[in-house]
2 protein chains.
Amino acid sequence: MKNRIKVERAEKDLSQADLAGQIGVSRQTINSIETGRYVPSTILALKLAQVFEKTVNEIFQLEETD
Amino acid sequence: MKNRIKVERAEKDLSQADLAGQIGVSRQTINSIETGRYVPSTILALKLAQVFEKTVNEIFQLEETD
DNA sequence: ACCAAATGTAAAATATACTTTACATATTGT
DNA sequence: ACAATATGTAAAGTATATTTTACATTTGGT
């Protein structure tokens, strides 16, 4: 699964720590999702989408391997 | 988190087992998500949305308690 | 009423998300 | 170059998702 978190963060000028704080997870959780080390829960994806004012589908996309 | 899986299934006339088969998870996984017993991964949410031809946000919505 | 299919759950096992702590590297401003 | 901030990652621990097996209940058709 691909994601656009890094880009969305840049557009809102948010650090990983900022974003983590807004959503209520650890900074490492954001980093791990952003770098594809693990797949977030749907609740987390919805919260990220909410912060970025986008849909989940705009931020996360399936790949063949999924 | 709320979800509209039951309704979307009805509209496509799919049983829980049918849906599970299309996505590649167990029937109990679908049942558990549908009845709110647990929160799916974003990959699973994207696959469900794909089957229903809707966005993840149309199928899953955050609640205050999330 | 009977039968088949669909649904709701539960328990045990396994996989994976997420936290905390900690450290190393990279980036940016002065 | 220096200091501060941001990022990448790792290991150990905890919480939660998902599978498999299994059974009880419900629903729909005849």
Under 3.5 Å donor-acceptor pair, Gln28(A) side-chain atoms to dT7(D) base atoms: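 A donor-acceptor contact between them is absent.
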
Polar pair under 3.5 Å, donor/acceptor by atom type, side chain Arg37(A), base dG8(D):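 Donor-acceptor pair under 3.5 Å: no.
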
Looking only at the side chain of [X] (C-beta and beyond, no hydrogens), which of the listed nucleotides [options] gets closest?
X	options	answer
Val39(B)	dG8(C), dT18(D), dA17(D)	dA17(D)
Ser15(A)	dT9(D), dA6(D), dG8(C)	dA6(D)
Asn31(B)	dT18(D), dT7(C), dC18(C)	dT7(C)
Thr35(B)	dC18(C), dT9(D), dT9(C)	dT9(C)
Tyr38(B)	dT18(D), dA17(C), dG8(C)	dT18(D)

Heavy-atom side-chain contact between [X] and [Y] under 4.5 Å:
X	Y	value
Arg37(B)	Asn31(B)	yes
Lys54(A)	Glu8(A)	yes
Arg4(A)	Glu58(A)	no

Checking all strands, does [X] fall into the base, sugar-phosphate, or nothing category for heavy-atom contacts under 4.0 angstrom?
X	answer
Ser41(B)	sugar-phosphate
Ser26(A)	base
Thr29(A)	base

Spacing between [X] atom [atom1] and [N] atom [atom2], to the nearest angstrom:
X	N	atom1	atom2	answer
Asp13(A)	dG29(C)	CG	P	11 Å
Glu34(B)	dT18(D)	CD	C1'	16 Å
Ile5(B)	dG8(C)	CD1	C1'	15 Å
Lys6(A)	dA26(C)	NZ	C1'	11 Å
Leu19(A)	dC18(C)	CG	C1'	15 Å
Arg9(A)	dT27(C)	CZ	C1'	13 Å
Arg27(B)	dT7(C)	CZ	C1'	6 Å
Ile33(A)	dT7(D)	CD1	P	15 Å

5' precedence on DNA chain D between Leu14(A) and Ile30(B) (nearest-nucleotide basis):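 Its nearest nucleotide lies further toward 5', so the answer is Leu14(A).
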
Full working for side chain to side chain contact (heavy atoms under 4.5 Å, CB included) between Thr42(A) and Val56(A): CA-CA 9 Å; Thr42(A) 300; Val56(A) 170; over 6 Å; no

Residue whose nearest DNA chain C nucleotide is more 5′ - Val25(A) or Asp18(B):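 Its nucleotide being nearer the 5' end, the pick is Asp18(B).
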
Ser26(A) vs Thr29(A), side chain to side chain donor-acceptor pair (under 3.5 Å): CA-CA, chis, key distance, verdict: CA-CA 5 Å; Ser26(A) 71; Thr29(A) 295; 2.9 Å; yes

